[in-house]
Amino acid sequence: MIMNGKHVLIKGMKKIMDSRRRSFRRTAAAAALVCIGTVMCPEIALASGERVYFGSESYEWELGQSWLLGTYASADGDLESADYIITYDPEMLQWDAGGDLIEDGQVQISSDEIEGAEFRLMMNFSPLLAGETEITITQAHVTEDGESEVSPEDVSVPVSVLVPSGCLLDGIYINGIPLDDFDSETMNYTVELDEYAEYVNVSVFPEDANVEISDTTLTEGENEISVIVENEDGDKARYLLQIVNPEEVAETAAEAETQPESDADLVPEEQETELSLQDRLWGYAIYAKNVAYAHWKFCLAVGALILLFIILSIVRFRIYRKRKRAKEERQRRIRERRVQEKRERWEEEHGIRSAGSGTNDSEKTKTSDADQSESAGGNQPDGEPSGTKEQEAEIEIVVDNVCMDFKREKDESSSIKELVIRTLKRQRSVEKFRALDHVSFTVHKGEVVGIIGTNGSGKSTILKIISGALSPTDGSVTVDRSKIQLLTLGTGFDMELTGHENVYLNGAIIGYTKEYIDEKYNDIVKFAGLEGFMEERVKNYSSGMVSRLGFAIATARDTPEILILDEVLSVGDMFFRKKSEARIREMIHGGSTVLIVSHSTSVIRKNCDKVVWIEKGKLRAVGDPKEVCEAYEKMES
């Protein structure tokens, strides 16, 4: 509590008197202390006599609570009575206790039973709106020692109610002009108009803020306009505008005569002035700055969490990928070891060894398709003992107990949004579909093997596994994939491009270089029989023309060591089919190992040395083309 100024001076004088017996330096220091106290705290030195005051120089409150405010009256001597009025803004504050309420905005404090030189009374107020206001002591009367009655001057104290989140504006506009030096946390502003106006237009930014603006009609002198902002929680804050309206200048008679008659009938209407693009951009910039400034700690924490999540995700992904590669490598070694052991057992049973075989782990072995046919339910043809011809050639492809499972959703999502929602709610139902079920067979070097079966039996799937496009769920395939060429028609065609452009696009997908395509381009066009159509878009081609172009591109390269043909022997019309079959026979008889998938048993009988029949994912038979095709045709009939 601030001491009475008179007592301070008396105490200082006593120090000076006592210090006469001491040195001059100490005397000067005591005198300087009194002077400094007088200069630095003038209200202490001059605050003698009767006065009324508050317990603090300012108050800072929050919404939703009741706060204490102390009022005081003091004098030099003993007080007998004190009587004063507390005024406040009832729109901002609500009086709860302390004194007697006269009306909203006025509370009377009165007491005639005072002991001592000071009177104190605590009051309770609850803030209704956030913003800035003040509380004032007026009409104060203080009686001292029963002799004098003094009326101290009015005293005010500022009260600031903290503004909650969502109640701050980014701009206030008067007649479309932004307030100078606007700060979203400054709640009171004074605006002086250049000329008299009967009303003003008040608008805010952001435009979608929930605001309530009081009456904007003006009179001469000072006018108050309140802008109350409400957030989603129902909390409110008030921006108070003090509009200083100059005096109205009376019109002269001459001006009244020159004034159009229609102007006299005009009635001012309150309508919002549309903000300019520059003001809108400036408002958005201020809004972004205020949000970032007000929540910088939160933004920093969120950014740090996101960065940490990204780093942990990258580390976790790398660990997962490393473990997956290690697991795949272990599985590959296990499969290779099993295949090697199986080959060795078969060779021991038949007493056969490839040239150069011995203790070398990478030795090439031979196996008998007759045994596989018997285990698969097929029949071996009569005549030459089983495996005699096959034992003379080394094994090129080994398909060992291959299984392939696909996941299929029971109820597929119709959009990405639905897929995300169902994934988050864990409502996705997935079932497994087995496309291949323990399929095993071997292909010797230089052999032409046909693969037959009804639609959906897994023929194309086994070709993709052999070529390396798919990895089996179980089992293994042993083959040198660098030797393989897989021919499928129409892969990589863009219907909006011309035939000329699609030759280069499709050739690049297959693996041709630009120089090789340049060299073979004329041969491709001539073989496809599309001279004069290469500058047309492919979407204007017939299905036969597209197939012919695809076949010509796919078969343009030199004969590979392993050739896989997926439904490419029934292309185009009758004349082109003969030409395509002749091209395939050239590739077959060029020494390649060939796998052919076709629904035409006549093509299989004519071109193949051996047939693999896969039905509904299971191996039905492996053997002579004539017998296996007959069994297949009987099943279909």
Side-chain angles (χ1 to χ4, degrees), residues 1-5 41-44 46-76 78-144 149-164 167 185-188 224 226 228-229 234-240 242:
M1 183 181 296
I2 301 174
M3 296 179 62
N4 190 290
C41 304
E43 67 277 12
I44 295 178
L46 302 177
S48 61
E50 298 77 10
R51 66 192 186 100
V52 289
Y53 55 94
F54 292 95
S56 178
E57 295 181 356
S58 63
Y59 292 91
E60 187 175 275
W61 297 341
E62 295 181 6
L63 292 172
Q65 301 183 39
S66 182
W67 300 86
L68 289 175
L69 179 139
T71 62
Y72 298 83
S74 64
D76 293 340
D78 293 335
L79 289 177
E80 288 190 355
S81 66
D83 185 20
Y84 47 89
I85 302 295
I86 301 295
T87 62
Y88 62 93
D89 187 351
E91 185 181 22
M92 290 284 296
L93 303 175
Q94 172 184 295
W95 172 80
D96 294 331
D100 299 317
L101 181 66
I102 301 175
E103 60 181 12
D104 285 344
Q106 289 189 351
V107 177
Q108 183 174 10
I109 307 298
S110 179
S111 177
D112 54 4
E113 298 178 356
I114 303 175
E115 296 181 0
E118 183 182 70
F119 167 72
R120 181 182 69 176
L121 179 70
M122 304 302 293
M123 305 180 68
N124 287 79
F125 287 95
S126 297
L128 301 176
L129 301 174
E132 299 172 359
T133 185
E134 64 179 15
I135 300 177
T136 305
I137 300 177
T138 63
Q139 304 178 25
H141 298 280
V142 179
T143 303
E144 180 182 3
E149 183 174 334
V150 182
S151 299
E153 296 181 357
D154 295 349
V155 178
S156 298
V157 62
V159 177
S160 175
V161 182
L162 297 179
V163 180
C167 289
E185 296 184 356
T186 301
M187 311 303 289
N188 293 346
E224 287 188 356
S226 61
I228 299 177
V229 188
D235 299 327
K236 298 181 179 180
R238 184 185 73 174
Y239 288 87
L240 187 63
Q242 296 285 348

Could you grab the distance from atom CG of L101 to atom CD1 of I86, nearest 0.5 Å is fine? 12.5 Å
Give the ring-plane orientation class for F54 versus Y59, where under 30° counts as parallel, over 60° as perpendicular and anything between as tilted. perpendicular
Are side-chain heavy atoms of V52 and T71 found at a separation under 4.5 Å? no
Note, S110 side chain near D100 side chain (heavy atom, < 4.5 Å): no
Taking side chain to side chain contact (heavy atoms under 4.5 Å, CB included) as the definition, give me every residue that meets it alongside E62, ordered by chain and number, with sequence neighbours left out. Q65, W67, L162
Would you say that Y53 contacts P152 through its side chain, given a criterion of any heavy-atom pair below 4.5 Å between the two side chains? no
As a quick check of understanding, evaluate side chain to side chain contact (heavy atoms under 4.5 Å, CB included) for Q108 and D83, giving each step before the final call. CA-CA 7 Å; Q108 183 174 10; D83 185 20; 3.3 Å; yes
Nearest-0.5 Å distance that lies between atom CD in Q106 and atom OG1 in T87: 7.0 Å
Calculate, to the nearest 0.5 Å, the distance between atoms OH and CG belonging to Y88 and D104 respectively. 5.5 Å
Sole candidate of I228, V163, V229 that passes side-chain contact (heavy atoms from CB on, under 4.5 Å) when paired with R238: I228
May I ask you to test the V155-Y72 pair for a side-chain heavy-atom distance under 4.5 Å? no
Which heavy atom of L79 sits nearest a heavy atom of A73, and at what distance? CD1-O, 3.4 Å
Under 3.5 Å, side-chain donor or acceptor atoms of residues 119-138 against the rest of the protein: list the pairs with distances, not counting sequence neighbours.
unit_1 : atom_1 : unit_2 : atom_2 : d
S126   : OG     : D96    : OD2    : 2.4
T136   : OG1    : S156   : OG     : 2.8

Any chance you could measure Q139, atom CD, to I109, atom CD1, to the nearest 0.5 Å? 12.5 Å
For A117 and D78, the nearest pair of non-hydrogen atoms, with its separation, is N-OD1, 4.1 Å
Inter-residue atom distance S226.OG - D89.CG, 0.5 Å rounding: 9.0 Å
Just verifying a value: how many Å separate K236 NZ and M92 CE, rounded to the nearest 0.5 Å? 12.5 Å
Are the side chain of W95 and the backbone N or O of A97 linked by a donor-acceptor pair below 3.5 Å? yes
Is Q242 close to L240 at the side-chain level, that is, under 4.5 Å between some pair of heavy atoms? yes
